[in-house]
Every structure is written in C-alpha cells, then in structure tokens.
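Down below is the structure, laid out as structure tokens.
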Amino acid sequence: MGNYDFNSIESKWQKYWAEHQTFKASNVSEKPKYYVLDMFPYPSGAGLHVGHPLGYIASDIFARYKRHKGFNVLHPQGYDSFGLPAEQYAIQTGQHPRKTTQENIARYREQLDQMGFSFDWSREVRTSDPAYYKWTQWIFMQLFNSWYDYQQDKARPISELETILSSEGNTGVMAASDNDTPAVTAQQWNDFTSEEKQRLLLNYRLTYLAETEVNWCPQLGTVLANDEIVNGVSERGGYPVVRKKMKQWSMRITAYAQRLLNGLDTIDWPQPLKDSQTNWIGRSEGAEVHFKLQHSDHTISVFTTRPDTIFGVSFMTLAPEHELVAEITTAAQKEEVETYVAATAKRSERERMADVKSITGAFTGAYAVHPFTGKPIPVWIGDYVLAGYGTGAVMSVPCGDQRDYDFARHFNIPIPNIFEGIDISEGAFSDKDKTVIANSDFLNGFQYKEATNKVIEALEQKGTGKGKVNYRLRDAVFSRQRYWGEPFPVYYKNGLPQLIDERYLPLTLPEVSAYLPTEDGEPPLGRADTWAWDSEQNKVVSNEKIDHETVFPLELNTMPGWAGSSCYMFRYMDPRNDQALASQEAMEYWQNVDLYVGGSEHATGHLLYSRFWVKFLYDRGVLPVDEPFKKLINQGMILGESAFVNRLEGSNTFVSAGMQTGNVMQPIHADVSFVNHSNELDIEAFKAWRPEYEDSEFITEKDGAFKVVREVEKMSKSKYNVVNPDDICERYGADTLRMYEMFLGPLEQAKPWNTAGITGVHSFLKKLWKLYHSGIAADGKQGGVFSVSEEPASGESLRILHKTINKVEEDIENFSFNTSVSTFMIAVNELGAQGCNSREVLEPLVVLLSPYAPHISEELWQKLGHSESISIAAFPKFEEKYLVEHTKEYPISFNGKTRFTLELPLDMAKEDIEAAVMAHEKTENYLAGRAPKKVIVVPGKIVNIVG
RNA sequence: GCUGAAGUGGUGGAAUUGGUAGACACGUUGGACUUAAAAUCCAAUGGUCAGAAAUGGCCGUGCGGGUUCAAGUCCCGCCUUCAGUACCA
C-alpha cells in the first residue's frame with residue numbers, strides 16, 4: 001500500500017480545507033461559541049523558526065478539539081504589521097515598509113499553511129491596513145472625547161463634563177486629571193474663550209497632550225514607554241535611554257489602575273502573570289501629608305506608607321527634579337544645590353540604576369514644619385527619591401527606612417528612635433508588624449495598624465493630610481517619532497489639537513521621501529509634502545496650503561506598536577465591517593476570547609493596555625464585556641542549541657572540544673546545520689562558510705572528528721542556531737512537527753529544540769500508517785491488524801480505546817499535550833498487540849488523534865469509509881462503562897467480614913488477588929485494625945494493599 | 001533585596017495529586033536483515049550487591065529534619081538554578 005507519504009497527504013488536505021473553507025466560522029449558529037486566539041505575529045524578515053509555532057500548535061489542537069465537541073469555534077489569525085524593524089530596513093534600503101511587510105506576510109502565510117493550522121483566514125486582519133487602522137484611530141478619538149469620573153467609576157463623554165463645568169464648575173468633580181488642573185467655577189468656565197475651554201479639557205481627556213518627561217532614545221530617534229525599556233536600555237536594540245521633556249500624547253491608564261487590579265480576580269490567567277501586572281500597577285496604601293515650609297507659602301506634599309512613624313521624621317528629601325527645589329533653596333545653598341541638580345540630570349537612567357549604592361544629596365537650606373510638633377525639619381534633595389513616584393518627595397524616617405537611615409548617617413542627620421525596645425544603632429527597623437510606637441505623643445503604645453488610623457484621622461482633622469492609595473503605574477506615552485505606524489487623526493489649530501471628523505477616517509499614512517527624522521529633528525512625517533488638513537473640504541492637502549483660516553498642519557507623530565494590538569480581538573468578530581469596529585450582534589455573540597495563547601513577555605505591555613482599552617470601550621457602551629481574555633496560557637520559549645567552535649586566541653587554528661589544554665580560547669558561533677547530532681563539525685562546510693576560515697587549521701580528536709561545544713541560547717539568526725519549520729515539514733511532515741513540539745515538554749516551560757528526538761514521534765506515525773495498511777504490528781506480529789473489519793470490538797480493545805479517550809481529553813483540558821503523545825503511542829502498541837482491527841475502535845481513535853495530527857487522521861478517516869471532513873465528525877465520547885464492564889469484581893474480606901469489593905481488569909489472575917489479601921494480612925496495618933482504602937495489584941508481580 | 005517557578009536516570013520528561021518512582025521518547029549497548037551503509041525490526045538499559053540463571057536484597061526524586069502503615073508529592077529549616085522586578089518611600 002505504499003509508504004507514509006506525508007508530503008502528498010498533507011498538501012492534499014491543506015488544499016481540500018482551503019477549497020472547502022472547512023474552518024470558516026459563522027457568526028450565526030445554534031452551537032455554543034468558543035473563541036481561541038493566538039497573539040498575532042509581527043512578520044519579521046527572518047520568517048518563522050520552530051519556536052514560533054509552539055503556541056499556535058497548542059491553540060490549534062484546542063480549537064480542533066472544541067469543534068469536535070460541538071462548539072462553533074472562532075480561530076482567526078492576522079498580523080501585527082506596523083513596527084520598527086520594517087522601518088529600520090526601509091531606512092537602510094529605501095524600500096517602502098509596506099512592501100517589505102507584504103513580502104514578509106506572504107512568507108509567513110506560506111509557512112503557517114504548511115503546518116495545517118485550522119485558521120479562519122477569511123477573517124485575517126493586518127494592523128497596517130487602512131481599513132483596519134481606521135478603527136484604531138476611531139478608538140483614539142473616543143478616548144480623546146472621554147473623561148474618567150471616579151464617582152460613577154467609569155469613563156464618560158467629555159460633553160457631559162462640559163455640562164457639569166458650565167453649571168457647577170470643577171470643584172465637585174472627582175475625575176482623573178492632571179495634577180496641576182486649576183479650580184474653575186461655573187462662572188469662570190462660561191467666561192472662558194473656546195481655546196481656554198479646550199486647554200482645560202485636555203487635563204481631563206483620557207488621551208491628552210502634555211509636556212512630560214519621557215524616555216528618549218537618541219539612537220532610535222523616538223520616545224519609549226516604560227515597558228519598552230529593559231535594564232535602562234531600549235528593549236529593541238539595547239540603546240541608552242535618557243530623560244527628556246517633550247510634548248507627547250499620553251493615555252490616562254492610571255484612571256483604570258484599581259479596576260485593572262480588580263479585574264484580575266475575574267480572569268483565569270497564570271499566577272506569575274497576574275503577579276507581574278499587580279506589581280506593575282503597584283498599589284500601596286498610606287497617607288498623603290502636607291508639610292508647610294518655614295518662611296514660605298509653599299507646601300511639600302509627600303506620600304508615605306508609614307504615617308504611623310511621623311514622629312520619627314528628622315528630615316525631608318525631594319527628588320532633584322522636584323518643581324519646588326529652585327524656589328525653596330536658600331541663597332547660601334544655591335550653588336551646592338544647582339551643582340547637584342545638574343550632576344544628576346546628566347546621568348543616564350542606566351548610570352543611576354547601576355550606582356544605587358553611593359549616597360548623594362544636598363541641603364536646600366529650607367525647613368519644613370512638623371504638622372504635630374511644630375519643630376523645623378531640614379529639607380534635602382537626593383537622587384534616591386524618584387521624581388516619578390508618589391509626589392517626588394518623602395518624609396524621611398531614618399529609624400524605620402534603611403535608605404533614609406543611610407542618608408542620615410552619611411550626612412550626620414539625627415536618627416530619633418520611635419520604636420519601643422528596638423535597637424537601631426546598626427540599621428533601620430522596617431518590620432511594621434513587630435513594633436510598638438514610642439516617643440510619639442498621642443501614638444505611644446499603639447501598633448502599626450491603630451497608629452496609622454489615628455494619624456490619618458488627626459491629619460484629616462487638621463487639614464494637613466489624608467489617607468491615600470498610591471499607584472506605581474504611570475500614564476502611558478502614546479506618541480512615537482516614527483513613520484511606520486498609525487497616523488493620529490489630529491490637526492493643530494493655534495497649537496491646540498483638533499480631531500478630524502470620524503466620517504473622514506481612515507486618515508491614511510502619507511508618502512515620504514525618506515524614513516528618517518528631518519534635519520530639524522521632526523519625525524519622518526515632517527518630510528511629507530501632502531500632510532495638512534483642510535477643515536472645510538475635510539481632506540488631506542498639500543502643506544503649501546496651510547493658512548490661518550481653514551488649512552492646518554497634521555500631527556507628525558504616529559501611534560506606538562501597542563495601539564493596533566489592543567483591540568484586534570474584537571475586529572476578528574466582524575473584520576470587514578466599515579460602519580463599526582464590529583457589529584453589535586457579532587460582539588454579543590462572541591463576547592470575548594475564551595482562550596488566549598502567547599508569550600509572557602507581553603505581561604506589562606500588550607496584556608495591560610488591551611485590558612485598559614477594553615474596559616474603556618465597555619464603559620462607553622462599545623463592547624459588551626470588560627475583559628478581553630478569559631483564559632490565558634503562556635507558552636514557553638523554544639530555545640536553540642548553539643554550536644561553538646573554539647579558536648586559539650589570536651590564531652587561525654581551531655581546536656576540537658576535547659583537545660583544549662588550558663589555552664585561551666575564543667568561541668565562535670558555527671551554523672548548527674554544519675553539526676551532526678554527535679556534535680561533530682562538518683569541517684569542509686565550515687571552511688566554505690566564510691572566506692576567512694578557508695585556510696584555517698583544525699586540531700581534531702584522536703578519531704579525526706572535530707567536536708563543537710553546545711550551548712542553549714535564544715533561537716536567533718545572529719546565533720546561527722535557527723531551525724526552520726519548512727525543513728522539518730519537508731523531512732518529517734507537519735503532523736510530526738506538531739506532535740513533536742507538543743512532546744518536547746510541558747507547554748508553559750522553556751525548552752531547547754533538539755531535532756534528534758523527532759524520530760520517535762515520526763516513527764509512531766509511520767507505524768500507525770503501516771499498521772493500517774499492511775497489518776504489521778509494532779512488535780512485528782502479522783495479524784491483519786488495522787486493516788479495518790466490521791467485527792465488533794473485543795472488550796479489551798474497547799477498554800484500551802476508552803482509557804485513551806479519557807486520558808487524552810483530560811490532557812487537552814489541562815493543556816498537558818506532551819503526555820497525550822505518549823498515550824497515543826501506548827494505545828497503538830497495545831491495540832496492535834491485541835490484534836484489534838475493528839472499525840468500532842479505529843474510527844474513534846483516528847478522530848481522537850486528529851487535533852494533534854490532522855492530516856494523517858483525515859487520510860485514515862477517509863480510508864475508513866467517510867467522505868466528510870473529519871472536523872465535523874462527532875468527537876468520541878469517553879464511556880466509563882467500558883472500563884467498568886471489562887473488569888471483574890472481587891470481594892475482599894477484612895477481619896472476617898466482607899468489607900468491600902474491588903474492580904480489577906479481566907486478565908487479573910485470582911491467585912494474585914488472594915496473594916494480595918494474604919500479604920495485607922501480614923502488615924502492621926492489618927494488625928492495627930486499619931481498613932485498607934486502596935489495593936494495588938500488578939499481574940504476576942508484587943501485590944500490595946494500602947490502608 | 002523582593003516576587004514567582006523549578007530541582008527526578010546519560011538526556012527531554014512521566015507519576016491517576018499521599019499509594020508499583022523513572023511511563024513515553026531520545027541516546028547507548030547487543031542482536032536480526034544487508035557484501036556494506038542507511039532504513040527497519042527485536043532485546044537490554046537508575047545504582048549497587050549476591051547468583052551460572054530464573055531471581056532476590058539493599059540504596060535511590062537537591063540537602064537536613066518531621067508527619068504517616070505509606071512521601072517525588074504534605075510540614076519545618078537550608079542549598080542551588082532559572083525567570084520577572086528593583087532606591088516605589
């Protein structure tokens with residue numbers, strides 16, 4: 001019957017599925033819905049390596065499984081196709097990013113198709129497609145036109161705020177707003193010019209333009225959000241990042257801090273991921289305390305989590321960037337303070353982080369007044385206080401905080417002790433649950449909790465402070481000085497941002513002569529000749545037409561990468577709708593994503609931002625749900641096994657791994673394709689790789705082989721350790737690749753790719769094929785096995801089948817796909833040994849296998865006599881009766897009475913059971929009168945009864 | 001430092017959640033088929049001791065204690081590795 005010709009089987013079914021649109025999901029169905037989504041890929045020029053599809057395979061198994069289970073499954077795919085790499089490639093080559101992006105997408109699609117995924121491609125979206133980013137721009141506009149009302153705890157239209165302002169002013173408004181929002185009465189508001197009104201409203205809008213200190217990356221020529229910076233350098237490229245004041249769009253995500261936190265309790269995500277979002281949001285409870293300054297009208301506000309230690313304050317510290325620093329510094333201290341401020345400003349984020357140990361600061365000469373004792377408190381500045389957290393100022397309690405303690409020690413500031421019976425001569429005591437407060441007036445004798453409540457009460461009475469919850473989360477900078485991103489639907493009239501009318505969306509990206517910033521430092525869109533908005537004709541016109549009446553300059557920044565990915569999961573529900581993000585019916589039907597699969601690196605980026613946008617759109621009545629992803633699985637990364645050849649330092653001689661005797665070696669990456677599975681290097685291939693290696697010497701092992709050193713690293717082109725899925729599919733087939741990736745280990749764990757092991761899975765599929773066609777079982781026995789017969793199945797083979805169904809279903813539900821592969825192998829071996837060839841058993845087995853190995857399953861299913869696609873077949877049901885019916889009952893007596901009966905497989909010999917009982921009677925357990933609760937019997941082997 | 005995850009054969013990893021530790025696979029060794037290689041198939045494979053053998057004994061899940069008839073699994077105390085985060089007041 002021929003060999004297992006996976007290449008032709010796989011292309012045959014892939015073609016069949018495409019032609020029949022087998023996986024096309026309908027928005028109208030009687031079936032229950034299930035939405036399975038992968039984090040969509042950024043199509044890079046390098047194509048996919050074997051690590052990328054891991055999550056797609058897992059989600060595809062789940063999607064196919066759910067279809068079998070009778071669900072209407074939505075399983076779409078698309079591309080996150082705006083982004084920096086395409087733009088940098090464009091800068092180097094002059095090639096339009098649109099073109100490279102299209103080419104990369106075509107390549108991705110080819111690779112994805114090859115792996116037999118059951119995506120509904122009719123719903124594909126691309127973030128760089130104007131028909132798609134129309135809705136990204138639209139959401140931006142909704143944010144611009146909204147404010148956050150803490151009283152109703154939701155976002156509301158900005159027009160409602162205007163109504164409130166015109167009748168009551170803003171004093172009663174509890175809204176998320178800028179810190180320096182001035183108080184305005186209704187009278188003042190109504191007297192405002194339209195421009196003044198707009199300026200005030202910008203303080204409330206959920207996306208706003210503000211002069212903020214941002215992370216500027218000179219090499220990339222753009223600002224970065226906090227989550228795009230890792231260890232003080234840019235995530236992409238690893239370039240230094242400096243602080244810079246710039247006018248930028250920001251998203252008022254801080255308004256949603258508490259709800260983003262609360263929502264975590266309602267979703268089924270991995271705990272580590274929830275933890276990192278919790279930490280990122282960084283809620284802390286405490287108090288805000290206002291310290292009046294001596295000889296000045298100014299007040300310094302601080303946030304503290306330990307208001308109970310307020311009597312331990314011996315100084316205050318401001319961040320060097322604090323706005324009051326210049327004003328409060330005395331003439332005598334001016335020079336010292338200015339020198340210090342200048343010195344800290346010059347230091348990059350990275351230097352500051354690297355050098356946390358050294359203590360620096362300066363005295364301002366100013367004194368604050370203690371709110372309770374009235375004593376003067378010296379005000380210092382120090383860079384251990386961060387401008388971006390809390391109020392940028394702290395009340396320093398050296399006895400209770402190690403940083404304050406170190407600072408006080410360094411500058412000889414007194415360290416009063418306010419803890420009863422605690423020695424603070426060596427360091428601060430910060431364990432708040434183990435102290436009793438002393439030397440603290442009305443707080444004496446109280447512990448942390450009561451003392452905190454009392455202080456807050458007292459502060460509120462005096463009007464010098466209040467209880468407060470502070471969040472670490474910052475508003476997210478939303479502008480990027482890039483070309484390849486969504487343009488803002490914004491133009492500027494007298495420097496004030498105006499939205500273009502939503503009827504004229506999308507505002508499409510203009511053409512530019514080059515993708516670099518302009519000479520005067522403007523973003524690339526500054527090069528566009530046609531980038532002005534005619535507010536009468538409502539269209540983009542040439543910059544030359546800009547005037548003061550009707551034609552205005554458009555925004556030159558573009559949106560960041562996360563803009564397009566924050567709501568794409570809803571667009572899939574109705575991707576071609578040009579009237580709405582998606583129709584109400586579609587959104588009501590699909591609700592939100594039931595299963596989302598992707599990497600954990602998006603914990604504090606995409607996964608936080610999309611939750612924010614979804615909550616916002618829920619508030620505004622656009623979406624019916626307020627969380628995008630009900631359940632989330634993080635697939636682990638597949639790592640590469642790099643190969644290093646060692647070169648003698650400064651020479652052209654390479655030395656095999658076993659022949660290095662203490663010489664200084666320089667490891668060099670060799671392409672893994674030159675190395676076989678016993679770590680032997682193909683010297684000729686290596687020589688031919690680079691001209692400089694052509695004449696190299698090679699010191700080999702005694703047997704003549706040259707061995708490389710292996711090391712596990714991230715899979716990357718630059719490390720020459722990339723394994724390509726195309727090659728694997730070509731050689732072993734997609735079904736083998738799919739099953740092997742699952743077999744490699746637990747889905748959520750990082751693990752190195754090792755091609756050697758793939759033969760195990762591959763030969764399983766070959767065996768299955770052979771078994772069906774030639775009836776030769778795995779153990780070589782001939783028995784006509786699997787050449788399907790209509791005979792009823794034996795009890796034992798039904799038992800094997802249902803054991804397998806039970807285990808595989810359990811595995812899929814728990815995402816333990818790795819153990820299922822073993823289960824299939826065992827089942828096929830056992831059935832082969834049984835000589836089972838009944839259709840009754842084989843059909844369900846083939847269906848059961850299909851989520852993992854869809855192509856071979858489909859092929860065998862067809863051969864079993866079915867003409868319909870396997871994906872509409874009913875999933876085999878696990879029926880316990882097959883496990884039960886084919887077992888025998890044995891009564892077990894205990895202390896003379898029959899205490900219970902045992903269910904055991906039919907093939908269990910009676911002698912074994914009797915031996916078990918006898919063995920049990922000798923145990924201490926029996927002698928102590930304990931009844932057994934479980935009996936373990938191994939046929940022909942050890943027997944054990946446990947109590 | 002803090003948070004989280006994890007330590008099981010030569011390797012990747014199983015273990016019905018307290019009940020035969022090492023499933024399944026890779027690798028290795030031996031064998032079959034080949035002139036040979038590849039492919040394929042079969043057998044053995046945690047360590048150790050006894051035995052010609054069948055077989056049996058002992059030790060074994062990072063380390064040290066504990067609970068239990070029974071611990072990879074639970075409790076206490078350590079060690080190590082990885083990941084995230086970091087002067088967050």
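Note that the structure is a prediction, hence the values are computed from the model and not measured. Residue numbers start from 1 in every chain, and the chains themselves are labelled A, B, ... in the order their sequence lines are given, proteins ahead of strands.
- Between B:G7 and B:U16, the two P atoms lie 14 Å apart (nearest whole Å).
- For A:N279, whose side chain is taken as the heavy atoms from C-beta onward, the closest listed nucleotide among B:A89, B:U40, B:U3 is B:U3.
- Residues A:S396 and A:T317 bring a donor and an acceptor atom of their side chains to less than 3.5 Å of each other.
- Across the strands present, B:C2 finds its partner in B:G84; the criterion is a Watson-Crick or G-U wobble pair with both atom distances under 3.5 angstrom.
- As a whole-Å value, the separation of A:K468 NZ from B:C88 P is 17 Å.
- Along RNA chain B, the nucleotide nearest A:S276 and the nucleotide nearest A:G390 are compared for position; the residue whose nucleotide lies closer to the 5' end is A:S276.
- Between B:C78 and B:G22, the two C1' atoms lie 27 Å apart (nearest whole Å).
- The nucleotide B:U17 finds no pairing partner, because no Watson-Crick or G-U wobble arrangement with both distances shorter than 3.5 Å includes it.
- B:U8 has its base anti relative to the sugar, with a glycosidic angle deviating from 0 by more than 90°.
- Partner assigned to B:C63 is B:G77, using Watson-Crick or G-U wobble distances below 3.5 angstrom.
- As rounded to whole Å, 14 Å separates atom P of B:A5 from atom CG of A:N634.
- Residue A:L608 contributes atom CG, which lies 13 Å from atom P of B:U85 at whole-angstrom precision.
- Residues A:F311 and A:V397 form no side-chain contact, since every pair of their non-hydrogen atoms from C-beta on lies 4.5 Å or further apart.
- Shortest non-hydrogen contact noted between A:Y732 and A:T736 is O-OG1, 2.9 Å.
- With A:Q402 contributing its side chain and A:G427 its backbone, the two residues share no donor-acceptor pair below 3.5 Å.
- Atom CH2 of A:W269 and atom P of B:G4 are 19 Å apart (whole Å).
- In this structure, B:A37 makes no Watson-Crick or G-U wobble pair, since no nucleotide meets both defining distances under 3.5 angstrom.
- Comparing B:C42 with B:U80, their P atoms sit 46 Å apart, to the nearest whole Å.
- Between A:Y389 and B:A89 there is a side-chain polar atom (N or O) within less than 4.0 angstrom of OP1 or OP2.
- Spacing of C1' atoms, B:U20 relative to B:U35, comes out at 48 Å, to the nearest Å.
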Report each atom pair, protein N/O against N/O of nucleotides 10-14 of chain B, whose distance is under 3.5 angstrom.
{"unit_1": "B:G12", "atom_1": "O2'", "unit_2": "A:L744", "atom_2": "O", "d": "2.7"}
{"unit_1": "B:G13", "atom_1": "OP1", "unit_2": "A:Q749", "atom_2": "OE1", "d": "2.8"}
{"unit_1": "B:A14", "atom_1": "OP1", "unit_2": "A:N818", "atom_2": "ND2", "d": "3.1"}

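- A 4.5 Å side-chain heavy-atom check between A:D735 and A:R738 finds at least one atom pair inside the cut-off.
- As judged by a 4.0 angstrom heavy-atom cut-off over every strand, A:T759 is placed among residues touching the sugar-phosphate backbone only.
- Nucleotides B:G77 and B:A23 place their P atoms 35 Å apart, quoted to the nearest Å.
- Of the candidates B:A86, B:U40, B:A89, the closest approach to any side-chain atom of A:R472 belongs to B:A86.
- Here the side chain of A:N814 pairs no donor or acceptor atom with the backbone of A:S816 at under 3.5 angstrom.
- B:U17 sits 7 Å from B:U73 when the C1' atoms are compared, rounded to a whole Å.
- Nucleotides of RNA chain B nearest to A:N470 and A:D275 differ in position, and the one nearer the 5' end is that of A:D275.
- Here B:U85 presents its C1' atom at 14 Å from CG of A:L273, a figure rounded to the nearest Å.
- The nucleotide whose nearest atom lies closest to any side-chain atom of A:L386 is, among B:C41, B:U85, B:C87, B:C87.
- As rounded to the nearest Å, B:C26 and B:U40 have P atoms that lie 10 Å from one another.
- Using modelled atom types, one side-chain atom of A:K751 and one backbone atom of A:Q749 make a donor-acceptor pair closer than 3.5 Å.
- Between A:R403 and B:C88, a side-chain N or O to OP1/OP2 separation shorter than 4.0 Å is present.
- Looking at the side chain of A:I826, the nearest of the listed nucleotides B:C24, B:G4, B:U40 is B:C24.
- No side-chain N or O of A:T278 forms a donor-acceptor pair with one of A:W280 less than 3.5 Å apart.
- A:R409 pairs by the side chain to side chain donor-acceptor pair (under 3.5 Å) definition with A:Y405, not counting sequence neighbours.
- Across the protein-nucleic acid pair, A:F824 atom CZ and B:A25 atom C1' stand 16 Å apart, rounded to whole Å.
- Taking every side-chain heavy atom of A:S822 into account, B:A23 is the closest of B:C41, B:A23, B:A89.
- Residues A:P320 and A:T344 approach most closely at CB-OG1, 3.6 Å, considering heavy atoms.
- Across the strands present, B:G27 finds its partner in B:U45; the criterion is a Watson-Crick or G-U wobble pair with both atom distances under 3.5 angstrom.
- In this structure, B:G12 shows a glycosidic angle more than 90 degrees from zero, which is the anti conformation.
- The CG atom of A:D406 sits 14 Å away from the C1' atom of B:A89 (whole-angstrom rounding).
- For B:A50, the paired base is B:U55 (Watson-Crick or G-U wobble, both distances below 3.5 Å).
- Nucleotides B:G13 and B:A6 have their C1' atoms positioned 14 Å apart, rounded to a whole Å.
- Taking atom CZ of residue A:R283 and atom P of nucleotide B:U85, one finds them 23 Å apart after rounding to whole Å.
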